[in-house]
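Worksheet: the structure to be examined is printed underneath.
Remember, it's a predicted structure, so these values are computed and weren't measured experimentally.
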Amino acid sequence: MVDGTRLWQRLQSLAQHGARADGGVDRPALSPTEAEAKRSLIAWAEQAGMSARTDPLGNLFLRREGRENLPPLLVGSHIDSQPTGGKYDGAYGVLAALEAVPDNPRRPVEVVAWTNEEGSRFAPGMMGSAGFAGARDIAEILACRDADGITVQQALEATFAALPKLPIGPLGGTVHAYLEPHIEQGVVLEQAGMPLGIVTGLQGKRTFAITIAGEAAHAGTAPRATRRDALLAAARAATALDALTADPADITRFTIGRFTVSPNAPSVVPEQVQFSIDLRHPDAATLLRLGDAIAATIAAAAQPCAARTEELSTALPSRFDAAMQDDMAALAQGLGLPALRLLSMAGHDSRFLAHICPSAMVFIPCLGGVTHHPAESITPADALAGARLVAAAMARWSA
């Protein structure tokens, strides 16, 4: 039986790990605060008679054994946040899954908290699910560094040391099916007055790291005609990219979310600028066309500075398992809960799981579509409705 009060209390409790003064959450991947949150998850799972394990990328699995030795049903999301994150992105999916685990299932059920979905500390994100699904090389992931030069390997070692001693199983494995509960991160459900969303798929995403190399010079003595100003070159590149991705239909999503200037001194012509690009579109051809034009667009705009464009990740639009969608629609109807089918405009770990097993997502409304922000908000009633559907689906798919 799903306990809505317990679910809500756990959501608020988990939010204390990395709590911000403004009510939000700052819980970076593989940080001490995330390790504290994982300790809470492990304790709650053990209270329910479940066991915990991890893997070489720090993905956390909370397992209820099945009556038969079968590939597990995997359900969950992530608990890391953006620096100015809210209480519910990712965390809702893990806690709703934990609340909905069936008693005495035929096949094992595992609640998962994936490592570094957000990508705010180590880029690109979704490294835990990508590594699990074999989409990224583990050595490459472990060598990634954060802004302070700390590698994923070093952060993992610190995290393992901060947790109770857990079995470390192999990375990946055979999965029966995957379900990810999540807040919508949009306004479709709210505007439609619907408590539940059955997600049909994800729009595509490409991410890039850009480096503009110029030459440092004295701000007072260097003539402008001879300067190789990396900041002005980057500004021209950003303007050109804005024009490249202009979309009257407002479907294309283009973001420069990180911008770093060196040496960042008031009286020095900038020598180098590094910035990030996040490009998204639901149509694969459009995503490929725009992404493939980025490097040439930047190189032309950045002259006389040199430009280097590195693509970090490409994920084409994906579709979720149709049979699982139909199952959830029927289950929602049986529970008396209206549900709307919709496309996710944000990326999720389910993108990678869909390559190795039947996968699905269920959304609950997010107030005003505000997310990755301290004002992120859901209601206890919607949280309960989502968990009830998740419980029904878990019971069916683990039977």
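- Using modelled atom types, one finds no donor on one side chain facing an acceptor on the other under 3.5 Å when comparing Gln16 with Gln12.
- Checked options Leu287, Asp278, Leu279; the residue passing with Lys205 is Asp278 (criterion: side-chain contact (heavy atoms from CB on, under 4.5 Å)).
- Between the CZ atom of Arg351 and the OG atom of Ser359 there is a distance of 12.0 Å, given to the nearest 0.5 Å.
- No side-chain N or O of Ser262 forms a donor-acceptor pair with one of Gln272 less than 3.5 Å apart.
- Between Pro195 and Pro338 there is a side-chain heavy-atom pair separated by less than 4.5 Å.
- Under 4.0 Å is where a charged nitrogen must lie from a carboxylate oxygen, and between Asp326 and Arg341 at least one such pair does.
- Arg39 is not listed as a side-chain neighbour of His17, based on a closest heavy-atom distance of 4.5 Å or more.
- Atom CG of Asp22 sits in a crowded spot, with more than 12 heavy atoms from other residues, nucleotides or ligands closer than 6.0 Å.
- Using a 4.5 Å heavy-atom threshold, the side chains of Ser129 and Leu353 count as touching.
- When side chains are defined from C-beta on, Gln9 counts as touching Thr5, because their heavy atoms get closer than 4.5 Å.
- Among all heavy-atom pairs drawn from Thr207 and Ser313, the shortest one is OG1-OG, 2.6 Å.
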- Task: Report the C-alpha distance between Leu179 and Met328 in whole Å, list the side-chain angles of each, state the deciding distance to 0.1 Å, and finish with yes or no for side chain to side chain contact (heavy atoms under 4.5 Å, CB included).
- Result: CA-CA 11 Å; Leu179 173 62; Met328 286 196 294; 3.9 Å; yes
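- Grouping the Ile, Leu, Val, Met, Phe, Trp and Tyr side chains by contacts below 4.5 angstrom, directly or via other members, places Leu384 apart from Ile198.
- With hydrogens and angles left out, the side-chain atoms of Gln274 and Thr260 include no donor and acceptor closer than 3.5 Å.
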- Message: Under the criterion salt bridge (charged side-chain N to carboxylate O under 4.0 Å, His left out), I'd like the reasoning laid out for Asp229 against Arg224: C-alpha separation, chi angles, the key distance, then a yes or no.
- Response: CA-CA 9 Å; Asp229 187 323; Arg224 291 186 66 182; over 6 Å; no
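- Residue Val199 is not grouped with residue Val390 when hydrophobic side chains (ILVMFWY) are merged at heavy-atom distances under 4.5 angstrom, including chains of intermediate members.
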- Can you check salt bridge (charged side-chain N to carboxylate O under 4.0 Å, His left out) on Asp292 and Arg206, steps first, answer last? CA-CA 10 Å; Asp292 290 350; Arg206 299 178 74 174; 3.0 Å; yes
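- A donor-acceptor pair under 3.5 Å links the side-chain atoms of Gln203 to the main chain of Met345, judged by distance alone.
- Interatomic distance, CD of Glu118 versus NE2 of His78, reported as 4.5 Å (0.5 Å rounding).
- Looking only at distances, a side-chain donor or acceptor of Glu34 sits under 3.5 Å from a matching main-chain atom of Leu30.
- Side chains of His182 and Asp89: a donor-acceptor N/O pair is present below 3.5 angstrom, by distance only.
- Checked by atom type and distance alone, the side chain of Asp146 pairs as donor or acceptor with a backbone atom of Asp148 at under 3.5 Å.
- Using a cut-off of 4.0 Å between Lys/Arg side-chain N and Asp/Glu carboxylate O, Asp103 and Arg64 are scored as salt-bridged.
- Just one residue in the list Val112, Asp321, Val75, Ile356 forms a side-chain contact (heavy atoms from CB on, under 4.5 Å) with Tyr178, and that residue is Val112.
- Checking side-chain atoms of Arg228 against main-chain N and O of Ala217 turns up no donor-acceptor pair under 3.5 Å.
- Cys366 and Ile378 make their closest contact through CA-CG2, 4.4 Å (heavy atoms, listed as atom of the first residue, atom of the second, distance).
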- Check the pair Phe132 / Asp349 against side chain to side chain contact (heavy atoms under 4.5 Å, CB included), numbers first and verdict last. CA-CA 10 Å; Phe132 182 92; Asp349 291 301; over 6 Å; no
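- Taking all atoms of both residues into account, the shortest heavy-atom contact from Arg27 to Ala15 is NH1-CA, 4.1 Å.
- Hydrophobic clustering (ILVMFWY, side-chain heavy atoms < 4.5 Å, transitive): Val101 and Ile42 are in one cluster.
- Summarising the geometry, atom CZ belonging to Arg107 is positioned 8.0 Å from atom OG belonging to Ser398; distances are rounded to the nearest 0.5 Å.
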- Stepwise, does the side chain to side chain contact (heavy atoms under 4.5 Å, CB included) test hold for Thr245 with Asp247? CA-CA 6 Å; Thr245 58; Asp247 180 5; over 6 Å; no
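- Taken from CG in Leu74 to OG in Ser350, the straight-line distance is 11.5 Å, to the nearest 0.5 Å.
- Judged purely by distance below 3.5 Å, without hydrogens or angles, the side chains of Asp283 and His281 never pair a donor atom with an acceptor atom.
- Looking at heavy atoms from C-beta onward, Thr159 lies in side-chain contact with Leu163 at the 4.5 angstrom threshold.
- The cluster map of Ile, Leu, Val, Met, Phe, Trp and Tyr, joined by side-chain heavy atoms under 4.5 Å apart, puts Ile79 and Leu57 in different clusters.
- Counting all heavy atoms, side chain and backbone alike, Pro124 lies closest to Asn116 at O-ND2, 3.6 Å.
- Aromatic ring centres of His348 and Phe320: separated by at least 6.0 Å.
- Relative ring orientation between Phe61 and Trp114 is described as perpendicular, the plane-to-plane angle rising above 60° on a 0-90° scale split at 30° and 60°.
- Among all heavy-atom pairs drawn from Ala302 and Ala307, the shortest one is CB-CB, 4.3 Å.
- Without hydrogens or angle criteria, Arg227 side chain to Ala219 main chain gives a donor-acceptor distance under 3.5 Å.
- Between Thr371 and Glu376, the closest side-chain pair of non-hydrogen atoms falls below 4.5 Å.
- Atom CZ of Arg236 has more than 12 heavy atoms from other residues, nucleotides or ligands within 6.0 Å.
- Note that SG of Cys144 and CG of Leu142 are 8.5 Å apart. Values are rounded to the nearest 0.5 Å.
- Of the possible polar contacts, none joining the Arg10 side chain to the Leu41 backbone as a donor-acceptor pair under 3.5 Å is found.
- Shown here is Gln154, whose CD atom has more than 12 heavy atoms of other residues, nucleotides or ligands within 6.0 Å.
- In plain terms, the two heavy atoms of Ala392 and Leu335 that are nearest each other are CB-CD1, 4.2 Å.
- At a threshold of 4.5 Å between non-hydrogen side-chain atoms, the residues Ile298 and Ile212 count as touching.
- In this structure, CG in Leu189 is found 8.5 Å from CG in Asp382, a value given to the nearest 0.5 Å.
- Side-chain atoms of Arg53 never come within 3.5 Å of backbone atoms of Gly169 as a donor-acceptor pair (strictly under, hydrogens ignored).
- Arg121 contributes a side-chain N or O that, together with a main-chain N or O of Ala29, makes up a donor-acceptor pair within less than 3.5 Å.
- In this structure a side-chain-to-backbone donor-acceptor pair under 3.5 Å is present from Arg67 to Asn104.
- Arg63 is not listed as a side-chain neighbour of Met50, based on a closest heavy-atom distance of 4.5 Å or more.
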- Item | Asp80 vs Glu117, side chain to side chain contact (heavy atoms under 4.5 Å, CB included): CA-CA, chis, key distance, verdict | CA-CA 7 Å; Asp80 63 309; Glu117 191 271 354; 3.8 Å; yes
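- In the displayed structure, Arg308 atom CZ is contacted under 6.0 Å by at most 12 heavy atoms of other residues, nucleotides or ligands.
- Linking Ile, Leu, Val, Met, Phe, Trp and Tyr residues whenever their side-chain heavy atoms come within less than 4.5 Å places Leu196 and Leu7 in a single cluster.
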